[in-house]
Amino acid sequence: MADNMATPAGLRVGDVVAERSIHLTRDTLVRYAGASGDFNPIHYRDDVATAVGLDGVLAHGMLTMGLAVQPVVDWLAGDSGKIVDYQVRFTRPVVVDAETGADVTVVAKVGVLDDAGARIDLTVTVADQTVLGKAQVRVVLA
Amino acid sequence: MPVNAELAGRSYPAAPPYLVGREKVREFARAVLATSPLNLDPEAARAAGYADVVAPPTFAVVVQEHTLAQLLEDPDSGIDFARVVHGDQRFSFTRPIVAGDELTATLTVTSVKSLGGHSMVTAETAVVGADGEHVVTAISTLVVRGDE
């Protein structure tokens, strides 16, 4: 199937399928630490983050990866089982201020359409700077 | 101590089986801000054809984590955890993880590269179900910073 052909679902390469801004706070990080078991103190203690030379307390990379895919899950009518491959590169840390938090913006766009389904490419930014590179979600559409 | 260049190709023994609990899946789903009923409500998941609540895609890291600990705690690996930064991450699924799965994970180091004084260690963790069938492979590249 050529990329410029519409699929049965009417999808075309370049279509934005989901877009969302997500507000993170320190509470979000503590909740993720408990759920994931990643208790590295750079994700909740300013003194430790500063001592190791960071600009502040950082979101877990795996938290950013985990929430960035949620708009795609919702586009799939909530069926996360249709995601067959998901990859990201951690290109820039997400600093989460104790008072103001951080706002993560996700734009999900169709990158490839083929017989296997679609590749959805995520653009994930904080303050207009990309924080996840090569963020690609392979989904089956059947 | 530098990263052991001979790590590439090394496999570790399978980690003890991980039993996926329903409440753990729900807790993880809330933590990544998932709102899908399939991740949270067993009835909704069953109605969609799953045995129980479906774990969000990145839940696989919880299972993978036990195998990464084997690598990081191996004194022969030469990896100083204090210098490790997560470079990239990938999950490739044969099927999603659902509550009730008993998963067994086995890590293999697939490559060790040097780049500008840093080492890049790529490790693949293959996760299989109680039936021995493949569920997901989790691939991490760890960047180990060299001496300043």
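What you see below is based on every heavy atom in this structure, not just the backbone, and it leaves out hydrogens, waters and symmetry mates.
Neither the backbone nor the side chain of B:F59 has a heavy atom closer than 4.5 Å to any heavy atom of chain A. If you measure heavy-atom distances from A:D79 to chain B, the contacts under 4.5 Å come from both the backbone and the side chain. Contact of A:V84 with chain B is made through backbone and side chain together, with heavy-atom distances under 4.5 Å. For B:A55, the part lying under 4.5 angstrom from a heavy atom of chain A is the backbone only. Looking at B:R95, there are no atoms closer than 4.5 Å to chain A (heavy atoms on both sides), in backbone or side chain. Looking at A:L76, there are no atoms closer than 4.5 Å to chain B (heavy atoms on both sides), in backbone or side chain.
Counting heavy atoms from C-beta outward, A:R31 and B:E27 have side chains that stay 4.5 Å or more apart. In this structure, A:S80 and B:P57 have side chains that are in contact, with non-hydrogen atoms separated by less than 4.5 Å.
Residues B:V144 and B:L71 share a hydrophobic cluster, clusters being chains of Ile/Leu/Val/Met/Phe/Trp/Tyr side chains in contact below 4.5 Å. A continuous path of hydrophobic side-chain contacts links A:V139 to A:V17 [ILVMFWY only; heavy atoms under 4.5 Å]. Criterion: ILVMFWY side-chain heavy atoms under 4.5 Å apart, direct or through other members. Under it, A:L113 and A:V16 are not part of a common hydrophobic cluster. Taking hydrophobic clusters as Ile, Leu, Val, Met, Phe, Trp and Tyr residues chained together by side-chain heavy-atom distances below 4.5 Å, A:I83 does not share a cluster with B:V98. No chain of hydrophobic side-chain contacts below 4.5 Å, direct or via other Ile, Leu, Val, Met, Phe, Trp or Tyr residues, connects B:V128 to B:Y12.
More than 12 heavy atoms of other residues, nucleotides or ligands shown are found within 6.0 angstrom of CG on A:D47. Atom CD of B:E6 has 12 or fewer heavy atoms from other residues, nucleotides or ligands within 6.0 Å. Summarising the local packing, CZ of A:R89 is surrounded by 12 or fewer heavy atoms from other residues, nucleotides or ligands at distances under 6.0 Å. Atom NZ of A:K109 sits in a sparse spot, with 12 or fewer heavy atoms from other residues, nucleotides or ligands closer than 6.0 Å.
Put simply, of A:G61, A:P93, A:G81, the one with the most heavy-atom pairs under 4.5 Å next to chain B is A:G81. Contact count against chain A (heavy-atom pairs under 4.5 Å) is highest for B:D88 among B:L33, B:L38, B:D88. Residue with the most contacts toward chain A among B:P37, B:A45, B:G87: B:G87 (heavy-atom pairs, distance under 4.5 Å). Highest contact tally toward chain A, considering only B:P96, B:A48, B:A31, is held by B:A31 [criterion: heavy-atom pairs under 4.5 Å].
B:R90 and A:D85 are joined by a salt bridge, as a carboxylate oxygen and a charged side-chain nitrogen come within less than 4.0 angstrom of each other.
The nearest pair of heavy atoms linking A:F90 to B:Q89 is CE1-CB, 3.9 Å.
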Take A:D74 and B:S36 through the test side chain to side chain donor-acceptor pair (under 3.5 Å) and record every step on the way to the result. CA-CA 7 Å; A:D74 293 346; B:S36 169; 5.8 Å; no
Please evaluate residues B:H86 and A:H60 with respect to the criterion side-chain contact (heavy atoms from CB on, under 4.5 Å), reporting the C-alpha separation (whole Å), side-chain torsions for both, the decisive distance (0.1 Å), and the verdict. CA-CA 10 Å; B:H86 201 169; A:H60 306 72; over 6 Å; no
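If you look at A:Y32 and B:F28, their ring centroids are closer than 6.0 Å.
Put simply, OG1 on B:T58 and CE on A:M65 are 7.0 Å apart, with the number rounded to the nearest 0.5 Å.
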